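Computation of the quantities below employed the complete heavy-atom set of this structure, encompassing side-chain atoms and omitting hydrogens, waters and symmetry-equivalent molecules. None of these values were measured; they are calculated from a predicted model.
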Amino acid sequence: MRRVREVIVVEGRYDKNALKQTVEATVVETRGFGVFNDRERLALLRRLAGQRGLILLTDGDGAGFVIRNFLKGAIPKKQLKHAYIPDMYGKERRKATPGREGKLGVEGMSPEVLLEALERAGATFEDGEAIQSRQPITKADFYELGLTGGPDSAARRSALLRKLDLPERMTANALLEAVNLLYSREELLKLC
């Protein structure tokens with residue numbers, strides 16, 4: 001399985017599952033149109049774009065292009081690559097009927113088609129030995145670090161958010177997702 005350096009942005013969890021079976025990469029969901037009103041998710045995407053770059057891989061339907069255009073306006077051009085899937089008509093296996101436009105989305109594409117789309121977008125493939133996967137930071141770790149479940153947990157999270165230059169209103173779950181994408185367990189322990 002080939003490893004992609006950039007963070008790949010998709011619309012939903014089924015798209016994410018399809019990509020995870022194709023490449024080794026960090027894949028983040030927009031949660032469909034949810035990204036429009038989710039300042040935390042947008043801030044996270046901007047941060048990831050600055051650190052590793054983003055590859056947008058949305059469906060080829062109207063909704064996919066609305067999401068793509070929104071992110072295109074929100075992320076600096078130099079930090080963004082665009083991957084496109086071909087127009088293929090049909091329906092995904094999990095659905096009873098095809099979508100409104102009758103096109104397959106990212107989840108309906110074969111691994112070969114997804115890999116080709118990433119190659120055409122200019123994805124940075126890291127060949128050689130696979131990088132060891134990091135041990136994820138868990139809610140239990142947050143509890144042990146005093147970031148949840150304690151009398152001053154909110155203040156500790158606020159201090160950590162300021163230190164990491166993340167939005168101050170991030171929930172504990174959003175912070176957990178962000179630190180898992182941006183930092184290793186060891187780096188987080190040094191910061192706390």
- Determine yes or no for a side-chain-to-main-chain donor-acceptor pair under 3.5 angstrom, with Glu101 supplying the side chain and Gly62 the backbone. yes

- Task: Check whether Val7 and Leu175 end up in the same hydrophobic cluster, where Ile, Leu, Val, Met, Phe, Trp and Tyr are linked by side-chain heavy atoms less than 4.5 Å apart.
- Result: yes

- Item | Test: Arg157 cationic atom under 6.0 Å from Phe142 six-membered ring centre, within 45° of axis | no

- Item | Minimum-distance pair of heavy atoms, taken over all atoms of Ser153 and Gly150 | OG-N, 2.7 Å

- Task: Taking all non-hydrogen atoms of both residues into account, name the closest pair between Ala117 and Tyr84 and its distance.
- Result: CB-O, 3.4 Å

- Note on the structure: The reported gap from CG in Leu42 to CG in Leu71 (rounded to nearest 0.5 angstrom) is 7.0 Å

- Message: Between Leu56 and Ile75, is the side chain to side chain contact (heavy atoms under 4.5 Å, CB included) condition met? List the steps.
- Response: CA-CA 11 Å; Leu56 282 181; Ile75 307 288; over 6 Å; no

- Message: Once rounded to the nearest 0.5 Å, what's the spacing between atom CG of Leu114 and atom CD of Glu107?
- Response: 11.0 Å

- Hydrophobic cluster identity match, Ile55 and Val9, side-chain contacts under 4.5 Å: no

- Output for pair (Glu92 CD, Tyr14 OH), nearest 0.5 Å, gives 11.0 Å

- Are Leu48 and Leu182 close enough that some pair of their side-chain heavy atoms sits under 4.5 Å apart? yes

- Message: Test side chain to side chain contact (heavy atoms under 4.5 Å, CB included) on Glu40 and Glu177; report intermediate values, then the result.
- Response: CA-CA 11 Å; Glu40 292 175 358; Glu177 180 182 16; over 6 Å; no

- State, to 0.1 Å, how close Val4 and Ala123 come at their nearest heavy-atom pair, and which atoms those are. CG1-CB, 4.1 Å

- Task: Heavy atoms only: give me the nearest Met1-Thr22 pair and the separation to one decimal.
- Result: CG-O, 3.5 Å

- Item | Distance (rounded to the nearest 0.5 Å) between Asp15 CG and Lys20 NZ | 13.5 Å

- Message: Looking at every heavy atom in both Glu11 and Asp59, which two are closest together, and how far apart are they?
- Response: OE2-N, 2.7 Å

- One should read off an interatomic distance between Lys77 NZ and Gln79 CD, to the nearest 0.5 angstrom, of 13.0 Å

- Task: I would like to know whether Val179 and Glu187 meet side chain to side chain contact (heavy atoms under 4.5 Å, CB included); could you show each step before the answer?
- Result: CA-CA 9 Å; Val179 295; Glu187 291 168 327; over 6 Å; no

- Query: Does Ile8 share a hydrophobic cluster with Val35, counting links as ILVMFWY side-chain heavy atoms below 4.5 Å and allowing steps through other members?
  - Reply: no

- Query: Do Leu118 and Val10 share a hydrophobic cluster (ILVMFWY, side-chain heavy atoms under 4.5 Å, transitive)?
  - Reply: yes

- Message: Are Tyr143 and Leu191 connected into the same hydrophobic cluster when the rule is that any two of I, L, V, M, F, W, Y join if their side-chain heavy atoms are below 4.5 Å apart?
- Response: no

- Rounded to the nearest 0.5 Å, how far apart are CG of Leu54 and CZ of Arg46? 11.0 Å

- Message: Is any side-chain heavy atom of Met109 closer than 4.5 Å to one of Pro86?
- Response: yes

- Item | Matching residue for Arg2 among Glu119, Glu24, Glu126 - test: side chain to side chain donor-acceptor pair (under 3.5 Å) | Glu119

- Message: Would you say that Lys81 contacts Thr124 through its side chain, given a criterion of any heavy-atom pair below 4.5 Å between the two side chains?
- Response: yes

- Within the distance-only criterion (no hydrogens, no angle test), does the side chain of Arg156 pair as donor or acceptor with the backbone N or O of Leu145 below 3.5 angstrom? yes

- Task: State, with a plain yes or no, whether a side-chain heavy atom of Ile67 is found less than 4.5 Å away from one of Phe33.
- Result: yes

- Item | Arg94 atom CZ, over 12 foreign heavy atoms within 6.0 Å | yes

- Message: Applying side chain to side chain contact (heavy atoms under 4.5 Å, CB included) to Phe70 and Thr30, what does each step give before you reach the verdict?
- Response: CA-CA 11 Å; Phe70 172 78; Thr30 66; over 6 Å; no

- Task: Flag yes if more than 12 heavy atoms outside Lys95 fall under 6.0 Å of its NZ atom; otherwise flag no.
- Result: yes

- Query: Minimum heavy-atom separation for Arg31 to Asp38, with atom names?
  - Reply: NH1-OD2, 4.1 Å

- Query: Any side-chain heavy-atom pair from Leu147 and Leu176 closer than 4.5 angstrom?
  - Reply: no

